[in-house]
Amino acid sequence: MDVISARSRVGSVVDTLLDRTVVLGFGSTGAAVRRRLGGPVWPADPAPDALVGERVLVTGATSGIGEAMGRSFADLGASVHLLGRNTDKLAGVAAELRRAVPNAEVVEEVCDVGDLDAVTAWADDFAARVPALHGLVHNAGTMTAEREESAQGHELSLAVHVLGPHLMTSRLRERLVAGPASVVWVSSGGMLGAGLASDPDAIESRRGAFNGVQAYARTKRMQVVLADAWAHELDATGVRVESMHPGWAATPGVTSHLPAFARITGPVLRDAREGADTAVWLVATRPESHSPHFWHDRAQRTTTLGWQRPEDPDAVRRLLTYVTGATGTAPFRALAGSTA
């Protein structure tokens, strides 16, 4: 075995150990070690001008990982559309990005991703203004202590993480194909501990006492399944669709909704830019990807832990049928003609 092959094998072993230990792999240590290993463990950075002339949309762009993505995309030359629901906060983040990257085109987009009517109206307006989109990152997120509902009566984390992004992808489909775009769903490592909800009461978190952390994790697993379905739906169009998890990052959402977790993991939390890295890299480099299209630290990862079974196809079908029904969108081609 030559030296290069030996280093590659050692790097692969270290990468796998980091992934399995969770604490090291999901924290700042994992990113730092993988970056130092380089080679197949940590693929090369995008070229400095990788996104010049291209247009990227980031939802949930007013803080944390979304804000960091906006800066990274602008640094790579993209025209960046920052989407948020708070007009004043959005204006402040956009102004700061323009100061940091003076030549960047920064466009403010106001929309509540959890409100399906708002998504429809905004997406139709966006499609009338923008002929082609090269990157779409579904990053908007929420977590609630009590069960809350969207304007259409859906559990809020389901609406923000699943229904709104699905509807947005559907309404912007022609613009994504025109890119062709890379679509990235920002999931969470927490989804590894959640089963796939597939009946309406479970999907909407109506059964039993509400647990906001559990609802969050469930919807993050739904995102991974939905991204895989979209990847199959668009596989002949040139559009790439992936999901990823950012690791454990120190963001306003973590510190406000999970203060105990933030205190315990504080020494190993990534900063927002480290959390944003894989999503930015996916859009900028468009690597080959295979089902289930789930990424972390620039590599494809398993969507189940060792003792978990793969997703039940019937459960996947029921979830996708519910999502398309709730959003009034066409069924996925793979499900056309099937019964729920």
Side-chain angles (χ1 to χ4, degrees), residues 58-67 82-90 93 109-123 137-171 185-191 193-227 243 245-246 249 251-262 318-329:
V58 181
T59 74
T62 57
S63 67
I65 290 173
E67 183 177 1
L82 304 176
L83 187 146
R85 60 190 178 93
N86 185 309
T87 303
D88 292 339
K89 193 172 183 181
L90 183 62
V93 170
E109 306 284 354
V110 180
C111 180
D112 181 349
V113 176
D115 182 335
L116 300 183
D117 292 339
V119 171
T120 296
W122 171 84
V137 183
H138 291 303
N139 174 69
T142 190
M143 185 186 295
T144 62
E146 304 295 331
R147 189 179 183 279
E148 298 181 20
E149 292 189 347
S150 69
Q152 289 73 36
H154 299 290
E155 191 277 317
L156 194 59
S157 63
L158 174 73
V160 173
H161 300 154
V162 178
L163 302 181
H166 170 76
L167 179 59
M168 184 180 295
T169 305
S170 180
R171 303 295 292 197
W185 300 66
V186 180
S187 183
S188 165
M191 75 92 190
L196 182 65
S198 62
D199 70 83
D201 285 339
I203 292 170
E204 293 280 0
S205 295
R206 296 192 191 104
R207 185 176 295 125
F210 180 78
N211 182 313
V213 175
Q214 183 181 67
Y216 179 89
R218 282 179 177 174
T219 57
K220 289 297 177 178
R221 179 166 283 282
M222 294 179 206
Q223 287 184 318
V224 173
V225 170
L226 195 55
S243 58
H245 80 85
T251 66
V254 169
T255 55
S256 62
H257 295 298
L258 299 170
F261 174 82
R318 290 193 298 270
L319 172 65
L320 297 179
T321 299
Y322 186 85
V323 169
T324 55
T327 55
T329 54

What are the two closest heavy atoms between [X] and [Y], and how far apart are they?
X    : Y    : result
V110 : W122 : O-CD1, 3.8 Å
A197 : M222 : CB-CE, 3.9 Å
Q152 : G114 : OE1-O, 3.9 Å
T219 : S157 : CG2-OG, 3.8 Å
P246 : V186 : CD-CG1, 4.2 Å
A61  : V93  : O-CG1, 3.6 Å

Please answer whether the main-chain N or O of [Y] pairs with a side-chain N or O of [X] as donor and acceptor at a distance below 3.5 Å.
X    : Y    : result
S150 : L156 : no
N139 : G60  : yes
E204 : H154 : no
S243 : Q223 : no
S187 : K220 : yes
R147 : S205 : yes
R221 : M191 : yes
T120 : L116 : yes
R171 : A123 : no

What I'd like to find out is whether the side chain of [X] reaches to under 4.5 Å of the side chain of [Y], using heavy atoms alone.
X    : Y    : result
E109 : L82  : no
H138 : V113 : no
T169 : W185 : yes

Interatomic spacing from [atom1] in [X] to [atom2] in [Y] - rounded to 0.5 Å:
X    : Y    : atom1 : atom2 : result
I203 : R318 : CD1   : CZ    : 8.5 Å
Y216 : N211 : OH    : CG    : 13.5 Å
T142 : H161 : OG1   : NE2   : 6.0 Å
T59  : D112 : OG1   : CG    : 11.0 Å
T324 : L226 : OG1   : CG    : 9.5 Å
M168 : T327 : CE    : OG1   : 12.5 Å

The test is side-chain contact (heavy atoms from CB on, under 4.5 Å); show your working for V225 and L196 and say whether it passes. CA-CA 9 Å; V225 170; L196 182 65; 3.9 Å; yes

Check the pair R85, D115 against salt bridge (Lys or Arg N to Asp or Glu O under 4.0 Å), reporting the backbone distance first and the verdict last. CA-CA 10 Å; R85 60 190 178 93; D115 182 335; over 6 Å; no

